[in-house]
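Structure, as structure tokens:
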Amino acid sequence: MVVRSSIGATQLDRALGSWQRSREPAYRALAGSLRTLVLDGRVSVETRLPAERELCTVLGLSRTTVAAAYELLRDEGFLVSRRGSGSWTALPEGRPMPVAGLSPYPTDRGGVIDLGIAARPAAEPWITRAMTAAVAELPAYTRTHGTFPAGLQVLREAVAERFAQRGLPTTPDQIMITSGASAALTLLLRALGGPAERIAVESPSYANALQAIRFVGGRAVPVPLDQEGWSMDAWSRTLREAAPALAYVIPDFQNPTGLLMSDQQRRELAALTRTTGTRLIVDETIAEMAIDDVPPVLPMAAFDRSGTAITVGSAGKTFWGGLRIGWIRAAPDLIRRICADRASLDVCSPVVEQLAVRHLLAECLPEVLAFQRDRNREQREALTTALRTELPDWTFRMPQGGLSLWVRTGDGGMGGSALAEAAQRFGVWIGSGPRFGVDGVLERFVRLPYAQPPEVLREAVRRLAAASAAGTGAGTAGPVEFSLL
């Protein structure tokens, strides 16, 4: 067993909160609270817990009580102990990893509301205008071979200019155009990672990024997000103890939580990765998706002068998911290296789409961002109001931007995996919490994007309430008739 990290007794005491309010015997209440911390992802699997003597001192309990709680967790499969090595968190063997809710729902079945992916309709009429302009510019490129591994120079310049506008001076030779952010991440993982390579990630994190890490044979090491977001103490411990070669973070309206990393946290994380020699991959796919008036923050790479921070971006969330155009910002030598290796993946990105994105960035961005902000605000309000009305025991933190809510289902209700399965019978496709974690934890959570029109979101919540009631015996689980609104 490889211990990924450790947690001190004082820190664990803070994470446990008011666990002693339970009427259960103290050892069962403590075990139950520790179990919840693991299942919610607030304490990662394979984290070394404090010794019994140390924990009983901090909690003000007898050593017998702490020992009994640890023994109960060992019996349930949530704790593994070895004489001389201590005790570390685990999950019971055979715990399934759900698969539903990550991919778009098959379009050959009508009536299903797809909340599995955070993708909206296009920002029209700008998309059509941009494609029309791109086609008009195309003849200048059809006289060439059409293969540009680093991307069209005009788009590289436009992306570099956008970084400069956001406070990060960038030259076109630091930019590589890719076929979406997912392709960008895959190229970086292939170039910088490898089989069994450790990669530090937030918990929860973007499900498709975790899948990409698994596909290259990497081993994700989770660093739990807390109520304030990124704990630099937790990141420091993980980077020093697990020694990951790479770290992957989403600092801007994090997917799925919607949290926004402060400038100070960016500065500290950049310094930590520089000190430990960890290459930092920064996913800025949702960086332009502010909804509320939040103080501007600099791109993470603005706090890095060593080339440690590598940035991934995309046109998909800002403009339309059908524009499969993304980019990498990195040192020119790394850009050249990845371009040379690209032929085995996809050679290059489509020319027409690159021209369209250049037009959107250079000529349409302020209008599109204002339109998207208004639309997202209206849809966020519709979803949150419906949840508070229909499912008042579900809790969430209001995001200041992004495209989704990270929702904790009620303690007395269904877990995320069971709810995702039940919701399909009621015509809703959602992503369960464990899909956004590393070890099948986060069972009490679901991700609910607000990327649909308000009336569709309200109907989706009504169906989720019916599915939840049916699963807990408060309603019927029989066949349900539904149709698209």
Side-chain angles (χ1 to χ4, degrees), residues 17 40-42 101 113 115-120 202-207 224-231 249-266 283-297 317-318 369-411 413 416 419 423 428 430-433 435-437 442 444-465 468:
D40 281 358
R42 287 176 283 166
I113 299 174
L115 298 185
I117 59 171
R120 301 161 304 193
E202 300 143 331
S203 179
S205 184
Y206 178 43
L225 292 167
D226 59 27
Q227 288 298 316
E228 302 304 318
W230 295 260
S231 166
V249 297
I250 312 171
D252 301 279
F253 312 117
Q254 198 261 357
N255 187 354
T257 65
L259 292 165
L260 178 64
M261 186 183 289
S262 68
D263 277 345
Q264 181 59 30
Q265 289 174 319
R266 293 167 194 247
D283 188 337
E284 288 192 348
T285 304
I286 319 178
E288 304 277 18
M289 290 291 97
I291 297 177
D292 300 330
D293 293 327
V294 296
V297 291
K317 301 299 184 186
T318 304
L369 291 181
F371 169 80
Q372 300 285 37
R373 175 177 290 203
D374 290 343
R375 180 163 67 174
N376 289 345
R377 182 182 292 112
E378 180 186 17
Q379 293 172 176
R380 183 189 64 177
E381 179 65 22
L383 178 58
T384 56
T385 299
L387 285 171
R388 287 169 177 149
T389 301
E390 301 284 346
L391 292 158
D393 58 332
W394 290 17
T395 57
F396 53 86
R397 178 173 178 166
M398 182 72 81
Q400 296 175 299
L403 291 169
S404 61
L405 295 181
W406 182 239
V407 181
R408 191 178 194 277
T409 60
D411 288 333
L419 179 65
V428 184
I430 63 172
S432 62
R435 297 307 304 162
F436 302 88
L442 305 171
R444 278 293 173 193
F445 293 86
V446 293
R447 188 189 72 165
L448 301 179
Y450 40 86
Q452 300 274 7
E455 64 274 12
V456 175
L457 293 170
R458 286 189 282 267
E459 174 62 18
V461 173
R462 284 192 288 269
R463 296 182 188 183
L464 286 174
S468 178

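Because the structure is predicted, anything quoted here is derived from the model rather than measured.
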Non-hydrogen side-chain atoms of L391 and V407 separated by less than 4.5 Å: no
Approximate separation, where rounding is to 0.5 Å, of L419 CG and S468 OG: 6.0 Å
Closest contact, heavy atoms only, V461 versus A386: CG1-O, 3.6 Å
Donor-acceptor pair, side chain of R447 and main chain of G116, under 3.5 angstrom: yes
Set of side-chain hydrogen bond (donor to acceptor under 3.5 Å, both in side chains) partners for Q254, sequence neighbours left out: E202, T257
Minimum-distance pair of heavy atoms, taken over all atoms of A451 and A119: CB-O, 3.5 Å
Rounded distance (nearest 0.5 Å) linking atom CD1 of I113 with atom CD1 of I430: 12.0 Å
Main-chain N/O of G258 paired with R397 side-chain donor or acceptor, under 3.5 Å: no
F396 side, atom CZ; L448 side, atom CG - distance, nearest 0.5 Å: 9.5 Å
F445 and W406 aromatic ring geometry - parallel, tilted or perpendicular at 30°/60° bounds: parallel
Nearest atoms (heavy-atom pairs only) where P251 meets R266: O-NH2, 3.4 Å
Gap separating the OG atom of S205 from the CZ atom of F436, nearest 0.5 angstrom: 9.5 Å
Residue list, side-chain contact (heavy atoms from CB on, under 4.5 Å) with Q452, at least two apart or on another chain: L115, V456, L457
Atom of Q379, atom of P454 and distance for their closest heavy-atom approach: CG-CD, 4.1 Å
M289 vs L369, side-chain contact (heavy atoms from CB on, under 4.5 Å): CA-CA, chis, key distance, verdict: CA-CA 8 Å; M289 290 291 97; L369 291 181; 4.3 Å; yes
Gap separating the CZ atom of R408 from the CG atom of D393, nearest 0.5 angstrom: 10.5 Å
Verdict with supporting geometry, E288 and K317, side-chain contact (heavy atoms from CB on, under 4.5 Å): CA-CA 8 Å; E288 304 277 18; K317 301 299 184 186; over 6 Å; no
Criterion side-chain contact (heavy atoms from CB on, under 4.5 Å) on I291 and Y450, from CA distance to verdict: CA-CA 12 Å; I291 297 177; Y450 40 86; 3.6 Å; yes
From R373 atom CZ to D292 atom CG, the distance as rounded to the nearest 0.5 Å: 8.0 Å
Test side-chain contact (heavy atoms from CB on, under 4.5 Å) applied to W230 and L259, step by step: CA-CA 9 Å; W230 295 260; L259 292 165; 3.8 Å; yes
Test item: R463 side-chain N/O and A423 main-chain N/O as donor-acceptor pair under 3.5 Å: no
N255 and D283, any side-chain heavy atoms less than 4.5 Å apart: no
Carboxylate-amine/guanidinium contact E381 R377, below 4.0 Å: no
Contact summary for L442 and P204, nearest pair of heavy atoms: CD1-CB, 3.6 Å
4.5 Å side-chain heavy-atom contact, V297 and D263: yes
Any donor-acceptor pair under 3.5 Å from Q372 side chain to T318 backbone: yes
